[in-house]
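Okay, structure first, notes after.
Computed from a predicted structure; not experimentally measured. Chain letters run A, B, ... following the sequence lines, proteins first, then strands; residues in each count from 1.
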There are 2 protein chains.
Amino acid sequence: MQSEIVIRALAALAQEHRLAAYRLLVQAGDDGIAAGMLAEKLGVPASSMSFHLAQLTHAGLITQRRQSRSIIYSADYAAMNRLMGYLTENCCGGIPCADDAGCSAPPQSDAA
Amino acid sequence: MQSEIVIRALAALAQEHRLAAYRLLVQAGDDGIAAGMLAEKLGVPASSMSFHLAQLTHAGLITQRRQSRSIIYSADYAAMNRLMGYLTENCCGGIPCADDAGCSAPPQSDAA
DNA sequence: CCCATGATTCGATAATTATCGAAATATAGG
DNA sequence: CCTATATTTCGATAATTATCGAATCATGGG
């Protein structure tokens, strides 16, 4: 995983409406949620919601599928896990971390 | 954990130099790294580095301590773990996630 | 084909964030 | 006390990002 996509993912999540949308999608699971429904739940105009969903999609954090006239968005859990792995990579320089540090990053074999 | 601090943390990490600095600190462990050394390693002017370190500090992701004339920064692992917990909170709406989804968020009792 | 619905794209504007030199602050040593 | 070092604060400017209405595109039904 390279830092450019990581930054895009972090930037995508670092915004009130996008974070809220992402969390709703995480909780929704594979069913996903339609764009219009997200806009309604968050009280955001459709065009703004679309802009935010595009950012999340471009960052690889969510996926979209069309279902009739609606576009259903879903969280991509694997992407989130790659992101977390990247952030804790080589934690503590390989020294076994104290438990209370909670540093539990698994060794990343696909590290860039 | 409330979303405001989460957004601050994500925004703090969503920047090239700050992400690089944070990762160096994660790998450095408790020894930490001095501000000047970080600036040198990243090829960033001292004043810019200071600005970025302030953002990370304000987000609660790193801590600082003075050691003689230097200020040593260290990663706060617990903060990172809280952040990850928040992002995967209530993953899949409580439905046991598929293994390949890698969704391993523990139940967050201190969830906001 | 026409109309309604759901969503995205466009374009202009407002708001936020990054950059970096110069000046200021803190610490240490002679 | 004076000087050197390490870092932060200030201030001005550049760059990026968010917002939202209007226009456009895609789908489905009558």
Does D:dT5 have OP1 or OP2 sitting under 4.0 Å from an N or O in the side chain of B:Gln67? no

Nearest whole angstrom, please: distance from the P of D:dT17 to the CD1 of B:Ile7. 16 Å

Could you tell me whether A:Ala46 contacts a base, only the sugar-phosphate backbone, or nothing, with contacts defined as non-hydrogen atoms closer than 4.0 Å? base

Taking any heavy-atom pair under 4.0 Å as a contact, classify A:Ala34: base, sugar-phosphate, or nothing. sugar-phosphate

Proximity to the side chain of B:Ile71 - top-ranked nucleotide from C:dA7, D:dT7, C:dA18: D:dT7

For B:Met84, does its backbone N or O pair with a side-chain atom of B:Arg82 as donor and acceptor, under 3.5 Å? no

Which whole-number value in Å describes the distance from B:Ile33 CD1 to D:dT7 C1'? 16 Å

Just the rounded figure in Å: distance from C1' of C:dT5 to CZ of A:Arg69. 5 Å

Send over the distance from B:His17 NE2 to C:dA18 P, rounded to a whole Å. 10 Å

What's the closest nucleotide to the side chain of B:Arg18 if the choices are D:dT8, D:dA18, C:dA18? C:dA18

Checking side chain to side chain donor-acceptor pair (under 3.5 Å) between B:His52 and each of B:His17, B:Glu16, B:Arg18, which is the one that passes? B:Arg18

Just how far, in rounded Å, is P of C:dA26 from CD1 of B:Ile72? 19 Å

Comparing A:Ser48 and A:Ser70 on DNA chain C - which has the more 5′ nearest nucleotide: A:Ser70

Under 4.0 Å: is that the gap between some side-chain N or O of A:His52 and OP1 or OP2 of D:dT17? no

Is there a donor and acceptor pair, one atom on the side chain of A:Ser68 and one on the base of D:dG28, closer than 3.5 Å? no

Rounded distance (Å) that lies between atom P of D:dA18 and atom NE2 of A:His58: 14 Å

When every non-hydrogen atom of A:Ile5 is compared with those of A:His58, the smallest separation belongs to CD1-O, 4.2 Å

Calculate, to the nearest 0.5 Å, the distance between atoms OG and CZ belonging to B:Ser74 and B:Arg65 respectively. 4.5 Å

Give one of base, sugar-phosphate or nothing for B:Ala39, where a contact means two heavy atoms less than 4.0 Å apart. nothing

Can you tell me if A:Tyr73 touches the phosphate of C:dG6, counting only side-chain N or O atoms and a distance under 4.0 Å to OP1 or OP2? no

Taking for B:Ser47 and for B:Phe51 the nucleotide of DNA chain C with the nearest heavy atom, the one nearer the 5' end belongs to B:Phe51

Winner on side-chain proximity to A:Arg66, out of D:dA4, D:dT7, D:dA26, is D:dA26

Nucleotide C:dT19, atom P - distance to CD of B:Gln55 in whole Å: 10 Å

For atom CD of A:Gln64 and atom P of C:dA7, their distance in whole Å: 11 Å

CG of A:Leu24 to CD1 of A:Ile33: how many Å apart, nearest 0.5 Å? 5.0 Å

